[in-house]
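Note on naming: letters A, B, ... go to the chains in the order of the sequence lines (proteins, then strands), and numbering restarts at 1 for each one.
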Amino acid sequence: MNKNTHFKRYLKLDVLPTPWCPGCGNGIVLKTICQSFDELDLPKNGTVVVSGIGCAGRSAGFFDLDSVHTAHGRALPVAEGIKYANDALTVVVVSGDGDLLGIGGNHLLHAIRRKTDITVICYANEIYAMTGGQVSPITPHNTKTLTTPDGNPDYPTDIQSLFGYHNCFFARTTAYHLGHMKKCITEALKFKGFSFVEVRTMCIVNYGRRLGYKNSNEMLLNFKDVYKMNDNAEELAPDEIGIIRVNTDGHR
Amino acid sequence: MPKQLLQGNQAIAMAAESAGLKFFAGYPITPASEIIHEMVNKRHIRVLQMEDEIASINAIIGASLAGLKTMTATSGPGFSLMQESIGMAHMMEVPIVIVNVQRVGPSTGMPTLPAQGDVIQCIHGSHGDYFPIVFYPNSVAELYQYTIMAFNAAEESLSPVILLSDGYISHLYETITPSGDFEIKVRSRSPLGSGNRHFTGLSHEDSLPKTSDVDNYRRLITRLQEKQQSVAQRYNYYEYLECSKDTDTLLISYGGLSRAAYYFKNDFSLYRPIRMFPVVEEIRSIASRYKRILVMEMNTGQYAHEIERILHRNIENIPILGGRIDLTEMKQKIKQKMNE
Ligand SMILES: Cc1ncc(C[n+]2csc(CCOP(=O)(O)OP(=O)(O)O)c2C)c(N)n1
Ligand SMILES: [Mg+2]
């Protein structure tokens with residue numbers, strides 16, 4: 001096998017295709033996670049993937065590793081139980097923004113507090129995609145969704161702000177910035193402690209289409225226009241991507 | 001082991017340790033908290049106080065899949081929160097033990113008087129069809145014994161097993177001689193991190209989600225039901241005290257309340273289920289010897305309905321509500337029933 005296809009060893013190729021719609025960004029994230037696994041040469045025995053419920057949550061079943069597809073919002077406590085039971089395992093959570101920040105939001109606060117040594121990859125598509133396109137905790141203000149026909153009255157959760165002074169790793173990246181995404185995920189996996197990667201990705205069918213995007217490529221190119229890389233930030237502005245590490249003493 | 005004066009909840013913790021418990025996650029709630037208080041002092045058990053009962057049950061599911069024997073303990077409000085994940089653990093076939101020390105409900109009820117209001121929730125609390133094994137002891141010695149049974153049944157069935165208790169027996173102090181003389185079952189499945197299995201709450205076959213294959217779903221549910229039934233049959237526990245006098249009445253009670261029901265052993269025959277679910281088959285032949293069946297329980301008739309459904313005959317129920325176990329009142333209620 002030639003080197004740049006090695007990431008495929010982490011995938012169950014025979015169970016493809018995925019259930020995702022044409023134009024969905026999830027495949028890009030799934031592939032990049034596998035590339036990071038490959039870069040770190042993570043042993044297949046010894047790595048466990050855990051997900052919640054949603055389009056993103058279905059990722060877990062495509063890894064050629066032991067994986068657990070938990071109830072909606074519960075990936076984090078299951079993953080923490082696994083890690084505390086066997087510290088030698090690398091435990092990776094893959095799930096959606098609604099799953100991790102909405103129904104599972106309380107668990108996220110406490111996983112951060114416990115600094116459990118796991119890595120979370122959040123497929124942040126700003127929407128509850130699987131259920132047809134309802135508002136999510138990170139849908140922007142004024143955006144129309146199925147449940148906010150007059151525009152979202154609320155402002156989105158700033159995920160990074162949840163980490164406060166805790167010793168954690170937080171990164172924001174997008175499905176457009178492939179090299180950057182891979183770097184963020186690889187660094188997160190290397191981080192000893194709780195690490196969280198917010199990957200901005202696109203859902204054309206249940207979100208972008210209703211906002212006037214003609215196709216998913218337009219959404220992807222929008223990431224390029226909106227997000228600027230900031231690699232030395234203390235804190236990322238809403239339109240910045242980069243990595244934030246908080247040291248043990250609470251300083252960034 | 002020497003004789004010891006133990007509280008019910010202490011006996012549960014001690015037995016869990018003997019059964020090989022390695023991981024406990026829970027959230028404080030009276031009358032179950034002594035269990036986590038005991039656990040934190042045990043050297044070889046990892047204990048996590050989680051943010052809620054949903055996190056607790058999910059953490060023990062994860063730790064169990066990772067290879068450890070795991071347990072959580074709660075009371076009604078926490079048990080309600082756990083329901084979705086209990087169904088998930090049945091679907092994924094995860095062995096865990098859940099202790100529910102019942103208190104008066106619904107909702108916050110009468111904190112924290114004893115009750116038996118969660119009996120049916122044990123088998124129907126989560127959505128969909130699943131077939132849990134449920135034990136309900138009635139003494140400190142039995143709490144010890146059936147905690148070990150619960151762990152064994154969980155390993156044998158690869159499913160969540162429920163140990164019911166109530167504020168009365170869990171807070172009771174009795175002298176027991178904890179026996180080390182139990183067979184301990186070990187895990188038959190290899191832990192996470194040793195293959196490419198996919199554990200999912202979706203209908204599935206051989207690690208593959210099958211969300212629209214009707215025949216496969218039916219096969220899956222049938223297999224799970226038969227498995228639960230066959231494991232349960234190895235734990236056919238009940239107590240039957242035949243009255244020395246001639247009587248046409250069988251009085252059924254269980255858990256904390258059944259301790260008071262022993263008072264009536266010279267008037268009626270007594271039956272006490274210990275394996276509450278699946279309902280022990282022997283009840284059919286025992287019940288057939290009696291004209292009247294009274295079920296006295298600390299709810300409005302949950303087990304009475306279940307017995308009625310199984311026996312296809314009229315059952316009279318005597319609800320003892322609000323956490324008060326008072327012999328004078330019980331006598332009166334039984335007398336009233338007999339005169340009806
Ligand atoms: C307890 C519960 N409530 C609701 C649902 C329905 N549901 C399934 S997926 C989902 C939203 C998922 O959104 P997100 O996590 O953002 O994932 P996405 O589909 O966008 O990838 C909801 C509400 C459920 N499965 N379980
Ligand atoms: Mg989403």
Flag the pair [X] / [Y] as yes when at least one side-chain heavy-atom distance between them is below 4.5 Å, and no otherwise.
X      : Y      : result
B/H204 : A/H69  : no
A/R74  : B/I54  : yes
A/H107 : B/D52  : yes
A/L65  : B/N196 : no

Which of the residues [options] is involved in the greatest number of heavy-atom pairs with chain B at under 4.5 angstrom?
options                     : answer
A/A71, A/G104, A/P77, A/A60 : A/P77
A/G73, A/A85, A/S51, A/S67  : A/S67
A/R58, A/E80, A/R113        : A/R58
A/A75, A/G61, A/A88         : A/G61
A/N106, A/T47, A/V50, A/T90 : A/N106

Top of [options] for chain A proximity - count of heavy-atom pairs under 4.5 angstrom:
options                      : value
B/L202, B/I60, B/L48         : B/L202
B/L68, B/N58, B/I57          : B/N58
B/A66, B/G201, B/S56, B/S194 : B/S194

Applied to residues 68-81 of chain B, the side chain to side chain donor-acceptor pair (under 3.5 Å) test, sequence neighbours excluded, yields B/S80-B/Q121
Bottom line for B/M91: the part with an atom under 4.5 Å from chain A's heavy atoms is neither
If one checks every heavy atom of B/E84 against chain A at 4.5 Å, the contacting part turns out to be side chain
Expected contact set for residues 15-28 of chain B against chain A at heavy-atom separation under 4.5 Å reads B/F23
Does a sphere of radius 6.0 Å around CZ in B/R218 hold more than 12 heavy atoms from other residues, nucleotides or ligands, not counting ones at 6.0 Å or beyond?
no
For this session: Might you confirm whether atom NZ of A/K31 has over 12 heavy atoms from other residues, nucleotides or ligands at distances under 6.0 Å?
Result: no
Return yes if some donor-acceptor pair links the side-chain N/O of A/D66 with the main-chain N/O of B/R197 below 3.5 Å, else return no.
yes
Are any side-chain N or O atoms of A/N45 and backbone N or O atoms of B/G195, one a donor and one an acceptor, separated by less than 3.5 Å?
-> yes
Which of B/I61, B/L65, B/V94 passes side-chain contact (heavy atoms from CB on, under 4.5 Å) with A/V68? It is B/L65
Quick one: [atom1] on [X] to [atom2] on [Y], what's the gap to the nearest 0.5 Å?
X      : Y     : atom1 : atom2 : result
B/H198 : A/D64 : NE2   : CG    : 12.5 Å
B/M88  : A/T70 : CE    : OG1   : 5.5 Å
A/H110 : B/Q49 : NE2   : CD    : 10.5 Å

Hits for salt bridge (charged side-chain N to carboxylate O under 4.0 Å, His left out) against B/R103, two or more places apart or cross-chain, chain-then-number order -> none
Hits for salt bridge (charged side-chain N to carboxylate O under 4.0 Å, His left out) against B/R43, two or more places apart or cross-chain, chain-then-number order -> none
Applying a strict 4.5 Å limit to non-hydrogen atoms, the region of A/K12 in contact with chain B is side chain
